[in-house]
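Before any comments, here is the structure.
First listed ligand is number 1; within each ligand, the first listed atom is number 1.
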Amino acid sequence: MSDLTDRLTGIVGPSHVLVDADLKAPYETDWTRRFTGEACCVVRPADTAEVAAVVRACADAGVAITVQGGNTGLVGAGVPAGGEVLLSLGRLTDTEPVDTVEAQVTVGAGVTLEKLQQHARPHGLDVGVDLAARSAATIGGLVATNAGGIRVVRYGSMREQLTGIEAVLADGTVVSRLVGLAKDNTGYDLTQLLAGSEGTLAVITKVRLRLVPLLPARAVALVAVDGVPGALELLAAARAGLPSLSAAELFLAEGLELVRGHGRLAAPFADEHPAYVVLECAARTDPTDELLEVLGVSEAVRDATVASDAAGVAKLWAYRETHTEAISAAGVPVKLDVSVPLRELAGLVADLPATVAAVAPAARPILFGHLGEGNLHVNVLDAGPHAEQVTDAVLHLVARRRGSISSEHGVGRAKARWLSLSRSDAEVAAMRRIKAALDPAGTLNPGVLLED
Ligand code: 2HG
Ligand code: ZN
């Protein structure tokens, strides 16, 4: 192994090959604290050429690689299983000037979402994807997992923002397609193949993204409803009546109680309600009136509060966006991220507590997520030794309702065992053939997405 570390040191310099346990530790455990594994070393290249040389060195040595961006992933895809070289892309922070004619930009994989937003916004443009982990999540990781977030209802997931990619293949070859042509039918779309491939096919080093118009005027409503059927009735009204709709989110009474306790937040309403919806409208001019009009006629609304100033908007979003940190402060949850057709959502939410209780009687499920896509984040606290059974029971329930076992976080190591619940044998076999063609030695992120 010291031959390999010597070669890696020659490529990136001694200060960017970490071998001391203390220095490696922050890279070896994921954000949830549920996934952890030892890396033989952490290597931090500065650019695509260094990444290519590192990948080639590992291929020559027959040592596997775990690829890591901001380490905000939730499915254990970015931490080693044991013994891999951990390839951290945090130094790939090149940011090219915003191309205002194409409304596109090219950035290094290690640029955080927040930095990219700050880069685009002075030009009257914005990134189509946004999510709570924006300050640490990197663009490379967001593409590798095809991240979704809170604006999918308007702009789609990360793959819809992609116009080009540069990546290093398992043998160290660089493939680069960063022109960002709006139309380009010249064969297989490698850019889209790599989106959502979770580091198993190549290491993404640069990304070209389309940008959307910056919409400075925002109005947010926090709406109390009787339950999921009411939330869906409100969603239907919002979809029909709000051309400026930019987010439609859901959380339940248990989640509100948890985030209020964690953040010392005031109760949003005089009474408690079973479920809450956050609707956000974004436009060039104040969309408050159109939002109020829809709230005024929807029979699903039990109570509502609306804000359009920055502080008020942030205050309302906090009830939804602090769910993850409030849950994490309460324990290490089993994190599941599922989606079902919207007509199945109420049934799924109704069935979940009993399904979880049957295998983990003391567990506390906290449900929230992205209403527009039927994407529920099922976080289960206090599952104790029953984490696997909880995962198994919930994912089977989702499959019975024709859903996906991973909506936006990816499959990672956490869900690889259950991939066949969402993908047919023929599909998994085709995926394995693609993996074998691009990474025949199985060096890139082994055990992620496809079980060994
Ligand atoms: C969100 O929507 C993120 O806030 C995190 O996808 C979800 O913590 C989770 O389970
Ligand atoms: Zn989410």
Separation between CZ of Phe35 and CG of Leu74, rounded to the nearest 0.5 Å:
9.0 Å
Hey, can you pull the donor-acceptor pairs under 3.5 Å for the side chains in residues 444-452, sequence neighbours left out?
residue, atom, partner, partner atom, Å
Asn445, OD1, Val67, N, 2.9
Asn445, ND2, Glu198, O, 2.8
Asp452, OD1, Gly447, N, 3.3

Which of parallel (below 30°), tilted (30 to 60°) and perpendicular (above 60°) describes His323 and Phe368?
tilted
Any heavy atom of His323 sitting closer than 4.0 Å to ligand 1?
no
So, the side chain of Ser298 versus the backbone of Leu295: is there a donor-acceptor pair under 3.5 Å, distance only?
no
The protein heavy atom nearest to atom 10 (O) of ligand 1 is Asn379 ND2, 3.0 Å
Among pairs that include at least one residue of residues 216-228, which meet salt bridge (Lys or Arg N to Asp or Glu O under 4.0 Å), considering only residues two or more places apart or in two chains?
Arg218-Glu280, Asp226-Arg302
Numbered atoms of ligand 1 (with element) below 4.0 Å of His370, judged on heavy atoms
2 (O)
Applying salt bridge (Lys or Arg N to Asp or Glu O under 4.0 Å) to Glu427 and not counting sequence neighbours gives Arg423
If you take all heavy atoms of Ala109 and Ile204, which pair is closest and at what distance?
CB-O, 3.3 Å
Strictly under 4.0 Å, does any heavy atom of His409 approach an atom of ligand 1?
yes
Shell of protein N/O/S atoms around the Zn ion (ligand 2), taken as anything under 2.8 Å:
His370 NE2, His377 NE2, Glu408 OE2
How far is atom 9 (C) of ligand 1 from its nearest protein heavy atom, and which residue and atom name does that atom have?
Lys335 NZ, 3.2 Å
Just to confirm my output: which protein heavy-atom neighbour is closest to atom 4 (O) of ligand 1, and how far is it?
Arg320 NH1, 3.2 Å
Please write down residue, atom name and distance for the protein heavy atom closest to atom 5 (C) of ligand 1.
Thr324 OG1, 3.3 Å
Any Val127 side-chain heavy atom under 4.5 Å of Gln161 side chain:
no
Ligand 1 to His377, heavy atom cutoff 4.0 Å, flagged ligand atoms 1 (C), 2 (O), 3 (C), 6 (O), 7 (C), 10 (O)
Under 3.5 Å, is there a donor on one side chain and an acceptor on the other for Glu96 and His119?
no
Determine whether the side chain, the backbone, both or neither of Glu408 has a heavy atom under 4.0 Å from any heavy atom of ligand 1.
side chain
In terms of side-chain heavy atoms, does Thr191 have a donor or acceptor partner in Arg208 at a distance below 3.5 Å?
no
